[in-house]
*Asks:* 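I'd like to ask some things about the structure below.
Below, all heavy atoms of this structure are taken into account, side chains as well, without hydrogens, waters or symmetry copies.
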Amino acid sequence: MGNQNNTRQHQIEIENLWSFQRREVEQAHDFKNGLFPLARVRKMMKVEEDVDRISAEVPVVLAKACDLFIRNVTLQSWHQAQENKRSIIQRQDINSTMDSFRDAYHNIEYFKRLMSAS
């Protein structure tokens, strides 16, 4: 019963995170002052040899996506640490979180292939 409560609490936290982020994005007028410096994001994008030109909004969107990704990984990893009765996120928590993301991605890709084969 306790594990189900923890799982439900975790789901609520994730839903709250995404609800908050959605409201933040909808109400934002200036995305240029995010956590990631846009010049740095643009520089990282240009490391790819095939990328010649980048429109102005792409680094802004990518910076916000990175912010959301890190927040989500942190929250999921924190949940992993709590499940293991720890109060500090460790590498194994992040690895477990990334494994669950990878599994979810593969399940989505598998489902897409099944649907396209029909």
*Asks:* Going by ring pair (Phe, Tyr, Trp, His ring centres under 6.0 Å), name the pairs with one or both residues in residues 71-96, residues two or more places apart or in two chains.
*Replies:*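 Every pair satisfying ring pair (Phe, Tyr, Trp, His ring centres under 6.0 Å) with a residue in residues 71-96: His10-His79.
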
*Asks:* Within a strict 4.5 Å, meaning less than it, do heavy atoms of the Met98 and Asn95 side chains meet?
*Replies:*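 Of all side-chain heavy-atom pairs linking Asn95 with Met98, none is under 4.5 Å.
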
*Asks:* Flag the pair Phe101 / Val73 as yes when at least one side-chain heavy-atom distance between them is below 4.5 Å, and no otherwise.
*Replies:*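 SC-SC contact between Phe101 and Val73 confirmed.
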
*Asks:* Are the side chains of Val60 and Lys64 in contact, using a 4.5 Å heavy-atom criterion?
*Replies:*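 No; the side chains remain at least 4.5 Å from each other.
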
*Asks:* Surrounding CE of Met44 (heavy atoms of other residues, nucleotides or ligands, distance under 6.0 Å), is the total greater than 12?
*Replies:*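 For Met44, atom CE is not crowded (no more than 12 foreign heavy atoms under 6.0 Å).
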
*Asks:* Counting only heavy atoms not in Ile88, do more than 12 sit closer than 6.0 Å to its CD1 atom?
*Replies:*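 No, not enclosed.
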
*Asks:* At what distance, to the nearest 0.5 angstrom, does CD1 of Ile94 lie from CD of Gln76?
*Replies:*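 Result: 12.0 Å between the selected atoms.
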
*Asks:* Rounded to the nearest 0.5 Å, what's the gap from CD on Gln80 to CZ on Arg86? Could you check?
*Replies:*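 Spacing of CD (Gln80) from CZ (Arg86) equals 8.5 Å.
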
*Asks:* What's the separation between atom CE in Met45 and atom CZ in Arg40, rounded to the nearest 0.5 Å?
*Replies:*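 The distance works out to 14.5 Å.
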
*Asks:* Could you tell me the separation between the OG1 atom of Thr97 and the CD atom of Gln92, rounded to the nearest 0.5 Å?
*Replies:*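 Between atom OG1 of Thr97 and atom CD of Gln92 there are 11.0 Å.
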
*Asks:* Hydrophobic cluster membership, with links at side-chain heavy-atom distances under 4.5 Å among I/L/V/M/F/W/Y: are Ile70 and Phe20 in one?
*Replies:*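 Result: no, two separate clusters.
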
*Asks:* What distance separates Glu13 CD from Gln9 CD, expressed to the nearest 0.5 Å?
*Replies:*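 If we round to the nearest 0.5 Å, Glu13:CD and Gln9:CD are 5.0 Å apart.
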
*Asks:* Could you grab the distance from atom CD1 of Ile54 to atom CZ of Arg42, nearest 0.5 Å is fine?
*Replies:*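 The CD1 atom of Ile54 sits 5.5 Å away from the CZ atom of Arg42.
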
*Asks:* Answer whether the closest heavy-atom distance between the side chains of Arg71 and Leu75 falls below 4.5 Å.
*Replies:*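 The answer is no; the side chains never approach within 4.5 Å.
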
*Asks:* I need the minimum non-hydrogen distance between Phe36 and Ala63, along with the two atoms involved.
*Replies:*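 Here Phe36 and Ala63 meet closest at CD1-O, 3.5 Å.
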
*Asks:* Applying a strict under-4.5 Å side-chain criterion to I, L, V, M, F, W and Y, I'd like to know whether Phe69 and Ile89 cluster together.
*Replies:*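 Yes, Phe69 connects to Ile89 through the hydrophobic network.
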
